[in-house]
Amino acid sequence: MHNLKEIRKDFENFKKCLEKRSVDVDFDKLKDLDIKNREFIQKKESLEKEKKEISKSKDKALFSKSKEISKEIDKLIDQQNKIKDELDIILSNIPNIPHKDVPIGENEKDNIEVLKSGNLPKFDFKPKSHYELGESLGMLDFDLATKTTGSRFVFVKDKLALLERAISNFMLDTHIVKNGYQEISPPLLASDNTMFGTGQLPKFENDQFEIKLDKGSDRKFLIPTAEVILTNIVKDKIIDLKSMPLRFVASTPCFRKEAGSYGKDTKGMIRQHQFYKVELVSIVEQDKCLDELERMTNCAIDILDLLELPYRKVILCSGDMGFSAEKTYDIEVWLPSENKYREISSCSSCSTFQAVRMKARYKNQNNETLYVGTLNGSGLAVGRTLIAILENYQQKDGSITVPKVLRPYMNNLERISVN
RNA sequence: GGAGAGAUGGCUGAGCGGUUGAAAGCACCGGUCUUGAAAACCGGCAAAGGGGCAACUCUUUCCUGGGUUCGAAUCCCAGUCUCUCCGCCA
């Protein structure tokens with residue numbers, strides 16, 4: 001969420017910055033509401049002052065007047081709240097402003113490749129897709145998931161289940177030991193307030209799975225990514241400067257309705273309602289966001305290097321970025337069956353956008369209270385890593401060679417083949 | 001499910017109708033002292049919002065929402081959350 005004070009300073013510039021994201025915002029209304037809001041505040045405060053003085057004077061002759069003022073104040077508060085609510089609705093639906101480094105564009109076609117690494121595998125046969133491989137091994141079962149649950153779910157069985165677990169553990173260990181992240185095993189449900197903090201609510205409610213608890217308390221949602229719950233660790237806090245940066249890693253299932261993507265990637269496990277992901281979150285001083293983004297992206301890339309998978313890194317254009325991001329790198333892994341790169345990680349700096357929503361702050365050297373910077377990135381998507389390994393390490397007979405770094409996590413298994 | 005206790009500033013923790021935005025301690029920042037550090041001593045230190053170019057100033061805030069009162073952290077009602085004990089489940 002944007003800071004109204006900042007917007008007010010240079011309203012035209014704010015408008016211009018958001019043009020890059022091609023969003024539909026009623027700027028005139030925003031400006032108008034802000035002015036009205038402040039008018040009401042001023043009126044209210046002057047009455048409050050008057051009332052306070054009567055109370056201090058303890059002059060009985062003025063007590064009845066004080067009562068009248070109270071009524072007037074109530075009216076003003078009512079009116080002011082209505083305006084404030086309208087203002088907040090508009091404000092909470094405005095996305096973050098792209099950083100100046102971000103290329104301007106409309107969609108993924110305008111993203112710019114900044115790095116390419118690894119050798120594409122050469123096959124003397126036609127490479128199969130991950131679902132063909134998994135099904136013929138008898139270790140990916142989509143039909144069974146349809147029977148028990150519905151579409152866009154999968155049963156991962158046997159050695160592929162072990163592989164999935166190995167991938168997750170390998171990534172966690174790397175980030176914890178080598179990259180200095182603290183491991184967290186978080187709740188998989190988040191309150192509506194938490195979902196608001198990272199920007200999933202109110203705008204993207206339709207993408208979320210809501211859980212009904214019996215008690216009439218606030219709403220709960222299955223987390224669409226561990227980013228939500230990890231970032232909100234600092235919600236409503238003023239963090240000690242000495243404890244920053246905070247770096248968290250978690251491996252969790254993620255749940256997404258994927259509304260609006262019907263018909264896309266319907267085959268296989270590229271796009272599922274439930275998938276595992278190892279997530280990285282950093283909480284940093286606000287001026288260190290971009291440095292941390294480079295660091296975080298390198299942590300994600302590290303995994304692909306160790307797994308010896310070919311990939312490229314792209315910087316997302318303004319139109320393709322997520323709601324809360326100021327700058328995003330996607331890392332895409334090579335998928336032989338599709339003959340193209342597919343997203344396996346997305347690392348974003350959200351500047352202070354989420355911090356304002358969460359009220360997450362710190363005190364700097366000068367004892368000023370500032371909003372923190374927040375970053376999140378996949379390190380990596382486990383399901384898609386599984387896919388990438390299946391496809392890139394496949395053999396002519398349909399077996400899969402296990403990447404060297406994963407073998408210690410799989411009882412030194414070197415090859416996955418039909419039992 | 002039954003019975004209690006509680007929710008106060010970055011943290012711990014007093015206050016229980018009228019300069020209390022809130023004692024004290026810790027933490028933090030500045031200074032004195034010291035060869036340097038520590039200790040000791042002195043001073044500063046809540047947040048949000050409004051007005052002002054600024055110095056500054058005003059308002060709100062002691063879990064949330066109502067109520068009583070000229071006046072509420074303090075009294076009343078409702079709610080949320082946390083803790084302890086008993087039961088239940090693993």
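Chain letters run A, B, ... following the sequence lines, proteins first and then strands; every chain starts at 1. Remember, predicted model here, so these are calculated numbers, not experimental data.
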*asked:* Counting the atoms with a prime plus P, OP1 and OP2 as sugar-phosphate, which does A:Ser55 contact under 4.0 Å by heavy atoms, base, sugar-phosphate, or nothing?
replied: base
*Which part of the nucleic acid, if any, lies within reach of A:Lys44 when heavy atoms closer than 4.0 Å are counted: base, sugar-phosphate only, or nothing?*
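The residue A:Lys44 makes no contact with any strand.
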*When the nearest nucleotide of RNA chain B is assigned to A:Lys56 and to A:Ser46 on a heavy-atom basis, which residue is associated with the more 5' position?*
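That would be A:Lys56.
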*Does A:Ser70 or A:Ile238 map to a spot on RNA chain B nearer the 5' end, using the closest nucleotide for each?*
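Upstream on the strand: A:Ile238.
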For [N] and [X] - does any side-chain N or O of the residue sit under 4.0 Å from the phosphate oxygens OP1/OP2?
| X | N | result |
| --- | --- | --- |
| A:Lys242 | B:C28 | yes |
| A:Lys359 | B:A47 | no |
| A:Arg361 | B:A48 | yes |
| A:Arg8 | B:G50 | yes |
| A:Lys49 | B:U59 | no |
| A:Lys5 | B:G49 | yes |
| A:Lys52 | B:U60 | yes |
| A:Gln42 | B:G50 | no |

Can you tell me, in whole Å, how much space there is between the [atom1] of [N] and that of [M]?
| N | M | atom1 | answer |
| --- | --- | --- | --- |
| B:U8 | B:G13 | P | 9 Å |
| B:C63 | B:G6 | P | 13 Å |
| B:C11 | B:C62 | P | 16 Å |
| B:C29 | B:C81 | C1' | 35 Å |
| B:G21 | B:C85 | P | 39 Å |
| B:C88 | B:A3 | C1' | 16 Å |
| B:A54 | B:A40 | C1' | 40 Å |
| B:G36 | B:U19 | C1' | 46 Å |

Select one nucleotide: of [options], the one nearest the side-chain heavy atoms of [X].
| X | options | value |
| --- | --- | --- |
| A:Glu48 | B:A46, B:G10, B:U60 | B:U60 |
| A:Thr369 | B:A48, B:G71, B:G10 | B:A48 |
| A:Ile41 | B:G49, B:G71, B:A46 | B:G49 |

How close or far is atom [atom2] of [N] from atom [atom1] of [X], stated in whole angstroms?
| X | N | atom1 | atom2 | value |
| --- | --- | --- | --- | --- |
| A:Asn364 | B:A46 | CG | P | 15 Å |
| A:Asn81 | B:U60 | CG | C1' | 13 Å |
| A:Asp34 | B:G50 | CG | C1' | 11 Å |
| A:Glu6 | B:G49 | CD | C1' | 14 Å |
| A:Lys237 | B:A46 | NZ | C1' | 15 Å |
| A:Lys363 | B:A47 | NZ | C1' | 8 Å |
| A:Phe63 | B:G18 | CZ | P | 14 Å |
| A:Ile69 | B:U59 | CD1 | P | 13 Å |

Identity of whatever pairs with [N] - Watson-Crick or G-U, under 3.5 angstrom:
| N | answer |
| --- | --- |
| B:A55 | none |
| B:U82 | B:A5 |
| B:C70 | B:G18 |
| B:A38 | none |
| B:A90 | none |
| B:G25 | B:C11 |
| B:C62 | none |

*Provide the closest heavy-atom pair for A:Phe204 versus A:Gly199 in the form atom of the first, atom of the second, distance.*
CD1-O, 3.5 Å
_Quick check: closest heavy atoms across A:Ala190 and A:Ile229, and the distance to 0.1 Å?_
CB-CD1, 4.2 Å
_Cation-pi geometry met for A:Arg357 and A:Phe196 (6.0 Å, 45°)_ = yes
How long is the span from the [atom1] atom in [X] to the [atom2] atom in [Y], to the nearest 0.5 Å?
| X | Y | atom1 | atom2 | result |
| --- | --- | --- | --- | --- |
| A:Met171 | A:Leu307 | CE | CG | 6.0 Å |
| A:Leu390 | A:Glu132 | CG | CD | 11.5 Å |
| A:Gln354 | A:Ile283 | CD | CD1 | 8.0 Å |
| A:Phe323 | A:Thr198 | CZ | OG1 | 11.0 Å |

*Where do A:Asp291 and A:Arg295 land on the salt bridge (Lys or Arg N to Asp or Glu O under 4.0 Å) test, with the steps shown first?*
CA-CA 6 Å; A:Asp291 289 343; A:Arg295 183 190 191 273; over 6 Å; no
*N/O donor-acceptor pair, side chain A:Glu45 with base B:G49, under 3.5 angstrom*: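 Per atom types, the contact qualifies.
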When you check the side-chain N and O atoms of [X] and [Y], is any donor under 3.5 Å from an acceptor?
| X | Y | answer |
| --- | --- | --- |
| A:Asn376 | A:Thr231 | no |
| A:Glu294 | A:Tyr329 | yes |
| A:Asp173 | A:Tyr409 | yes |

*For each nucleotide in nucleotides 62-68 of chain B, reading 5' to 3', give B when a protein heavy atom comes within less than 4.0 Å of its base, S when such contact involves only the sugar-phosphate, and - otherwise.*
-------
